[in-house]
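Note that this is a predicted model, so its numbers are computed, not measured. In what follows, every chain begins at residue 1, and chains take the letters A, B, ... in the order their sequences are listed. Any value given below was found using the heavy atoms of this structure, including those in side chains, with hydrogens, waters and symmetry copies removed.
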Amino acid sequence: MSINDLKRLLYLREILGGEIMLFSKFFAPTSKDIPSDVKIASHQLMLRAGMISQAASGIYYWLPLAVRVLEKIMKIICEEQDKIGANKVYFTTVQPAELWIESGRYDDYGKEMLRITDRKGGKFLYSPTNEEQATDVFRKYIKSYKGLPTILYQIHWKFRDEIRPRFGVMRGREFLMKDGYSFASTFEEAEKIYHKVFKSYIRTFRRMGLTPIPVQADSGAIGGNMSHEFQILAQTGESTLYYDKKLLTASDEELMKVFAVTDEKYDPNTSPIPQSELMVSKGIEVGHIFYFGKKYSEPMNAFVLDKNGQKLYPEMGSYGIGVSRLIAAIIEAFHDERGIIWPEPVAPFDVTLLNLHTSNKDCVGACNKIYRALSESKEVLYDDRDMSIGEKLGDADLIGIPWQIIVGEKNLSQGVVELKNRKTGEIAKLSVDEVIGRFLKK
RNA sequence: CCGGGUUUAGCGAAGUUUGGUAUCGCGCUUGGUUUGGGACCAAGAGACCGUGGGUUCAAGUCCCGCAACCCGGACCA
């Protein structure tokens, strides 16, 4: 930091007081260079916006801008999980192999599982999923039917050693996932939980500005239709969805029953709905829920005693949301040729304040006043960087914060600043007080 | 896992055919001029050319092995 930078920083701190979010001090290494071999928009934009940086194939550093979005997403998920009575825990990222040997999956899981040996030669693995651990925690503490039903969930890093990672964090090997596990005394109770989670997932994704499409998924050996994937419509999606157009207008209650499947399960000969009612779209899978009965409770000897003192093996289900993938999915759904357009609930900041003329006292004064007023109730990124105007405006569009307040000397000499909506591109010229008023009302 | 490709400064590339000790753009540093859509001038810093071996007086360049990474496909939150 040069002496001038330091002086300016101290000056701003003095004027604004306390914590200020200055772009010049915020670690968001933006770039105008488009990596040539990066194919999809979300991957390109995340790199260009300085959100992620590759550490190894399918493994990424998460930089501050992305972290802020991850935190917004996690907060929404946790609030919705709380509403259905799920308990948040942290299982572990490194697990002893014993549990997987017990469930019978240690040999089945294959090379996707990263196997680790500790200094004593003990067998461990990096969690690709946590059914065994959830079952283990459950069996250690819950001994009576009165402890049912129970839902445990976590948001934690997972690792699956994909053969072919691609599309940035969309299909990385290391990923952040919300995974929940339910324990119920009867099938009926398990079904009730499943429905509750289903509806909760719809709400969760909607709160992020997304339109989730629940599709029936393969529930494997258990059978039945108690498995759904939640897909987000996006042209670059890896799945092809076939669904009844009623789906887009159905109420939450009806949603689970409306026809929707991915291409693997679609057969025009047996389709329950006519061609004229059918929609076909590309989707990105961001959630998956399923019921799997006693698949883990029995082999792992997780039981409670029922009213008659008899062993009862709980009916289980598991519920996943790809948190890190969601960031990419949201960008796929919301971007234009200039950059990202964040939905407000998950935006890294609410508003970005651009000082186009950092050496102009009036501009500095206006920006400081706006920052001070808005930062009481909004998250504001103040672009105080001393660089060319095009670069600052370009970065603002790239980063995609929903609102831009643009302060420049020409407009300010007329007594106005600009308020730009990133999504619509609409620009309003308002006085400093008016622009403050706009945000304090919201 | 099958097929194709790449690896030279922080990033992106040229140089490899024809062996002679590395070039350009962006970025970075310093100073100055600029300021409404990625500006200009000047002066700098920065590379054991992915890695191991071989051929040669001499290897970024030729030969052999290995690794990492990317793309398409088959598979997965």
Carefully, step by step, assess His156(A) and Tyr90(A) under the rule ring-ring contact (aromatic ring centres under 6.0 Å, His included).
CA-CA 7 Å; His156(A) 222 192; Tyr90(A) 284 115; 5.1 Å; yes

Tell me what Asp397(A) touches on the nucleic acid: a base, only sugar-phosphate, or nothing, going by heavy atoms under 4.0 Å.
base

Under 3.5 Å, is there a donor on one side chain and an acceptor on the other for Thr236(A) and Glu332(A)?
yes

On a whole-Å scale, what distance lies between the C1' atoms belonging to U7(B) and A47(B)?
14 Å

Between U21(B) and C41(B), how many Å separate the two P atoms, rounded to a whole number?
31 Å

Could you please name the partner base of U17(B), counting Watson-Crick and G-U wobble pairs only when both distances are under 3.5 Å?
none

Between P of G37(B) and CG of Asn411(A), the distance in whole Å:
12 Å

Going 5' to 3' through nucleotides 66-77 of chain B, assign each nucleotide B (protein heavy atom under 4.0 Å from a base atom), S (under 4.0 Å only from sugar-phosphate atoms) or - (no protein heavy atom that close).
---SSBBBBBBB

Does either side chain, that of Asp384(A) or that of Thr358(A), offer a donor lying less than 3.5 Å from an acceptor on the other one?
no

Taking atom P in both G53(B) and U61(B), what distance in whole Å separates the two?
14 Å

Do Ser103(A) and Glu132(A) have side-chain N/O donor and acceptor atoms under 3.5 Å apart?
yes

Would you say the side chain of Glu418(A) and the base of G36(B) hold a donor-acceptor pair, judged only by whether the two atoms sit under 3.5 Å apart?
yes

Is the shortest side-chain N/O distance from Ser388(A) to OP1 or OP2 of U35(B) below 4.0 Å?
no

NA contact type, Asn360(A), heavy-atom cut-off 4.0 Å: base, sugar-phosphate, or nothing?
nothing

Answer with base, sugar-phosphate or nothing: what part of the nucleic acid does Gly320(A) contact at a heavy-atom distance below 4.0 Å?
nothing

Using purine N1 to pyrimidine N3 plus N6-O4 or O6-N4 for Watson-Crick, or N1-O2 and O6-N3 for G-U wobble, each under 3.5 Å, what pairs with U30(B)?
A42(B)

With no hydrogens and no angle check, do the side chains of Tyr126(A) and Asp161(A) hold a donor and an acceptor under 3.5 Å apart?
no

Between A22(B) and A9(B), how far apart are the C1' atoms? Round to whole Å, please.
11 Å

When you compare G65(B) with G73(B), how far apart are their P atoms, in angstrom units rounded to a whole number?
29 Å

Whole Å only: how far is the CG atom of Leu354(A) from the P atom of G38(B)?
15 Å

Say you pick atom C1' in A68(B) and the same atom in G50(B); how far apart are they, in whole Å?
7 Å

Roughly how far apart, to the nearest Å, are A45(B) and G4(B) at atom P?
45 Å

Do any side-chain nitrogens or oxygens of Lys32(A) fall under 4.0 Å of OP1 or OP2 in G38(B)?
no

Under a plain distance cut-off of 3.5 Å, with no hydrogens placed, do Tyr194(A) and His228(A) share a side-chain donor-acceptor pair?
yes

C66(B) pairs with, by Watson-Crick or G-U criteria that keep both distances under 3.5 Å
G50(B)

Do Thr135(A) and Gln133(A) meet the criterion of a side-chain donor-acceptor pair at a distance under 3.5 Å?
no

Determine, using ring centers only, whether Phe187(A) and Tyr291(A) are less than 6.0 Å apart.
yes

Taking any strand in view, what nucleotide pairs with C1(B) in a Watson-Crick or G-U wobble way, both distances under 3.5 Å?
G73(B)

Please give, in whole Å, the distance from A39(B) C1' to His357(A) NE2?
14 Å

Look at all strands and tell whether Lys420(A) reaches a base, only sugar-phosphate, or nothing, counting heavy atoms closer than 4.0 Å.
base

When both hydrogen-bonding distances must be under 3.5 Å and the geometry is Watson-Crick or G-U wobble, what is U61(B) paired with, if anything?
none

Taking CG from Asp362(A) and P from U35(B), how many angstroms apart are they, rounded to a whole number?
17 Å

Please report, rounded to the nearest Å, how far the P atom of G37(B) is from the CG atom of Leu393(A).
8 Å

Suppose you measure atom P in G19(B) against the same atom in U56(B); what distance do you get, rounded to whole Å?
16 Å

Here the distance between atom C1' of U33(B) and atom CG of Asp386(A), to the nearest Å, is 13 Å

Between Tyr382(A) and Phe349(A), is the ring centre distance below 6.0 Å?
no

